[in-house]
Trainee: 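Quick one: the structure is below, questions incoming.
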There are 2 protein chains.
Amino acid sequence: MKKVPEGTISRLFIYLREITELARMNIRTISSAELGERTNLSDAQVRKDLGYFGHFGVSGAGYDTNELKQALEKILGKDKTWNVAVVGVGQLGSALISYSGFKKHGLQFIAALDADTKKVGKKVGEITIESIGELPKVVSNKKITIGIIAVPAEGAQEVAEKLMAAGVECLLNFAPVSLNVPENVKVKDVDLSRELETLSYFLANKK
Amino acid sequence: MKKVPEGTISRLFIYLREITELARMNIRTISSAELGERTNLSDAQVRKDLGYFGHFGVSGAGYDTNELKQALEKILGKDKTWNVAVVGVGQLGSALISYSGFKKHGLQFIAALDADTKKVGKKVGEITIESIGELPKVVSNKKITIGIIAVPAEGAQEVAEKLMAAGVECLLNFAPVSLNVPENVKVKDVDLSRELETLSYFLANKK
DNA sequence: TAATATTTGTGAAAGATTGCACAAAGTCTG
DNA sequence: CAGACTTTGTGCAATCTTTCACAAATATTA
């Protein structure tokens with residue numbers, strides 16, 4: 001298969017979200033132009049993105065919303081579920097566990113770990129916090145495939161290494177550091193401070 | 001000035017973070033190669049990024065950490081402070097307000113608004129939650145320049161419009177929708193579900 | 001069914017970003 | 001202080017991404 005740009009994957013989720021909404025509203029077909037308008041993307045972009053994965057459209061008519069929805073769900077792995085562990089149960093970690101936005105997406109938060117012994121045994125939502133020492137056991141018993149790193153910067157690399165040693169190959173990193181990982185491991189960085197700071201750059205350099 | 005790539009700005013914050021750490025450790029100079037190694041970026045990338053803003057290095061020696069730190073702080077608007085309002089005080093909104101990661105960055109969270117009248121009057125950290133009806137007043141009284149949208153997808157566009165009508169030109173949007181904004185307004189989207197889902201794509205398509 | 005109108009899928013062009021490679025500038029050593 | 005070494009800054013090349021533009025396919029209309 002031809003190499004698919006990073007951004008394409010990300011946009012497929014946007015299309016899927018929109019298409020799902022359209023299907024729910026009983027709209028049967030949509031053109032790339034309309035879909036683009038709804039997502040603030042160009043029609044060409046929509047077509048090219050979809051084009052990486054097959055021929056889903058019909059000339060003169062557009063895309064069937066139900067078909068495209070199913071196709072995208074398949075492509076994006078929505079037909080499967082993945083088990084997620086959150087490491088670091090501070091403000092952010094707790095919020096992520098409780099954040100309802102994740103619930104519906106085939107991602108199951110089933111473990112929470114923290115180094116603070118005072119937190120161990122307490123509950124966040126329905127999950128009982130476990131000691132970080134238990135990490136290898138938790139990962140294998142609960143078949144964790146995605147690890148969320150929500151610890152302070154200083155501890156992030158160490159946590160990443162523990163997760164990887166336990167076999168986790170996908171990390172979502174909220175700590176503001178560049179993690180060092182081998183190339184078989186996929187890391188997504190979400191740096192909230194940096195996002196905000198970027199706005200302050202914009203403000204400082206406006207006009 | 002030549003057009004500066006999006007990514008460059010983002011990386012400047014990474015350099016600044018690293019440089020600040022180095023300066024704190026009394027390391028006086030650093031080469032682009034070393035800085036690149038510490039941030040998992042190439043030496044050429046480091047030099048090119050800095051090159052957009054001036055000549056900060058010395059051939060044969062590298063960059064003076066203190067000088068570079070100051071220069072970056074200036075470029076990135078760290079010498080100023082900006083007032084931030086959070087709209088939507090749910091799990092995520094509360095976590096953002098309390099998240100200590102922001103405190104040190106010249107970004108002051110000084111207002112929180114919510115549509116839920118039951119929340120109005122309550123406190124999150126040191127901030128008292130105000131009604132969303134008060135938004136125009138709050139923005140102008142408190143000189144808000146950055147708005148954080150942490151409401152459900154359905155309400156996001158409306159909140160964005162209220163903020164913009166009140167004069168806010170920088171938005172950090174956590175709602176999973178594409179906001180429609182005029183081009184003088186800068187929006188940064190942080191879509192946590194999408195980040196996680198991207199990992200599930202990776203898992204589904206591994207090997 | 002024929003003529004017109006839509007809309008896709010995709011090469012090729014344009015644009016943006018990153019990496020290469022090296023002259024020029026400065027440092028360091030003996 | 002001369003020669004060896006290091007490191008920057010930057011054109012140029014390579015790569016990656018987006019946009020353009022149009023033939024081909026299908027729909028719609030009369």
Side-chain angles (χ1 to χ4, degrees), chain A residues 1-15 18-19 22 27-69 71-72 75 178 183 189 194 198 201, chain B residues 1-15 18-19 22 27-69 71-72 75 178 183 189 194 198 201:
Chain A
M1 205 199 302
K2 223 179 315 175
K3 211 184 122 273
V4 181
E6 265 293 291
T8 292
I9 305 302
S10 191
R11 285 188 297 272
L12 290 186
F13 285 101
I14 298 177
Y15 305 144
E18 198 62 38
I19 284 286
L22 292 166
I27 294 168
R28 297 294 191 73
T29 66
I30 189 165
S31 68
S32 56
E34 277 182 89
L35 185 52
E37 193 157 344
R38 283 166 172 274
T39 52
N40 290 323
L41 296 160
S42 74
D43 58 333
Q45 180 88 78
V46 171
R47 292 197 300 279
K48 182 132 286 187
D49 283 340
L50 296 175
Y52 285 109
F53 298 92
H55 302 191
F56 306 111
V58 177
S59 297
Y63 300 86
D64 179 291
T65 49
N66 282 305
E67 265 176 41
L68 185 54
K69 178 165 177 281
L72 287 175
I75 293 165
S178 314
E183 68 175 32
D189 291 298
R194 208 164 78 219
T198 306
Y201 167 82
Chain B
M1 203 200 301
K2 224 178 317 175
K3 211 185 122 270
V4 181
E6 266 293 291
T8 292
I9 306 302
S10 190
R11 285 189 297 271
L12 290 185
F13 285 102
I14 298 176
Y15 305 144
E18 198 61 39
I19 284 287
L22 291 167
I27 293 169
R28 298 296 192 71
T29 66
I30 189 165
S31 68
S32 56
E34 276 182 89
L35 185 51
E37 193 158 345
R38 283 166 172 273
T39 53
N40 290 324
L41 297 160
S42 74
D43 58 334
Q45 180 87 79
V46 171
R47 291 198 300 278
K48 185 137 282 189
D49 283 340
L50 296 175
Y52 285 108
F53 297 93
H55 302 192
F56 305 113
V58 177
S59 298
Y63 300 86
D64 180 291
T65 50
N66 282 304
E67 265 176 41
L68 184 54
K69 177 165 178 281
L72 287 175
I75 293 165
S178 313
E183 67 174 33
D189 291 300
R194 210 163 77 220
T198 305
Y201 167 82

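The sequence lines fix the lettering, A, B, ..., with proteins before strands; numbering per chain opens at 1. Computed over heavy atoms, backbone and side chain alike; hydrogens, waters and symmetry mates excluded.
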Trainee: Using only side-chain N and O atoms of Gln45(B), determine if any of them is under 4.0 Å from OP1 or OP2 of dG19(C).
Mentor: yes
Trainee: Quick one: Asp64(A) CG to dT7(C) P, roughly how many Å, whole number?
Mentor: 15 Å
Trainee: Which residue, Gly54(B) or Arg47(A), contacts DNA chain D at a nucleotide closer to its 5' end, judged by nearest heavy atom?
Mentor: Gly54(B)
Trainee: Is a donor from one side chain sitting under 3.5 angstrom from an acceptor on the other, for Arg194(A) and Ser10(B)?
Mentor: yes
Trainee: Please figure out whether Pro5(A) or Val58(A) has its closest DNA chain D nucleotide nearer the 5' end.
Mentor: Pro5(A)
Trainee: Starting at CZ of Phe53(A) and ending at C1' of dT8(C), how long is that distance when rounded to a whole Å?
Mentor: 18 Å
Trainee: Whether the Asp64(B) and Thr29(B) side chains hold a donor-acceptor pair (N or O, under 3.5 Å, no angle test) is what I'd like checked.
Mentor: no
Trainee: Hey, does the side chain of His55(A) come within less than 4.0 Å of dA25(D)'s phosphate (OP1/OP2), counting only N and O?
Mentor: no
Trainee: Rounding to a whole Å, what distance do you find between Tyr63(B):OH and dA25(C):P?
Mentor: 16 Å
Trainee: Over all strands shown, is Gly62(A) touching base, sugar-phosphate only, or nothing at heavy-atom distances under 4.0 angstrom?
Mentor: sugar-phosphate
Trainee: Identify, with sequence neighbours excluded, every residue that meets side-chain hydrogen bond (donor to acceptor under 3.5 Å, both in side chains) alongside Glu183(B).
Mentor: none
Trainee: Can a side chain N or O of Ser59(A) be found less than 4.0 Å away from OP1 or OP2 on dT6(C)?
Mentor: no
Trainee: Would you mind reading off the distance between Ile9(B) atom CD1 and dT17(C) atom P, rounded to a whole angstrom?
Mentor: 11 Å
Trainee: Grab the OH-P distance between Tyr52(B) and dA16(C) for me, whole Å please.
Mentor: 11 Å
Trainee: Which value, rounded to the nearest 0.5 Å, describes the distance between Lys69(A) atom NZ and Phe56(A) atom CZ?
Mentor: 15.0 Å
Trainee: Of all the choices, dT8(D), dT17(C), dC20(C), which nucleotide is nearest to the side chain of Ser32(B) once you look at every atom?
Mentor: dT8(D)
Trainee: Taking for each residue the nucleotide of DNA chain C with the nearest heavy atom, is it Glu6(B) or Gly60(A) whose nucleotide lies nearer the 5' end?
Mentor: Gly60(A)
Trainee: Atom CG of Leu68(B) and atom P of dT7(D): how far apart are they, to the nearest Å?
Mentor: 16 Å
Trainee: Answer yes or no: side-chain N or O of Lys48(A) and base N or O of dT19(D) forming a donor-acceptor pair under 3.5 Å.
Mentor: yes
Trainee: Just by distance, with hydrogens left out, do Arg47(A) and Ser32(A) show a side-chain donor and acceptor under 3.5 Å apart?
Mentor: yes
Trainee: Would you mind reading off the distance between Asp49(A) atom CG and dC16(D) atom P, rounded to a whole angstrom?
Mentor: 17 Å
Trainee: In whole Å, I'd like the distance from the CG atom of Asp43(B) to the C1' atom of dT10(D).
Mentor: 13 Å
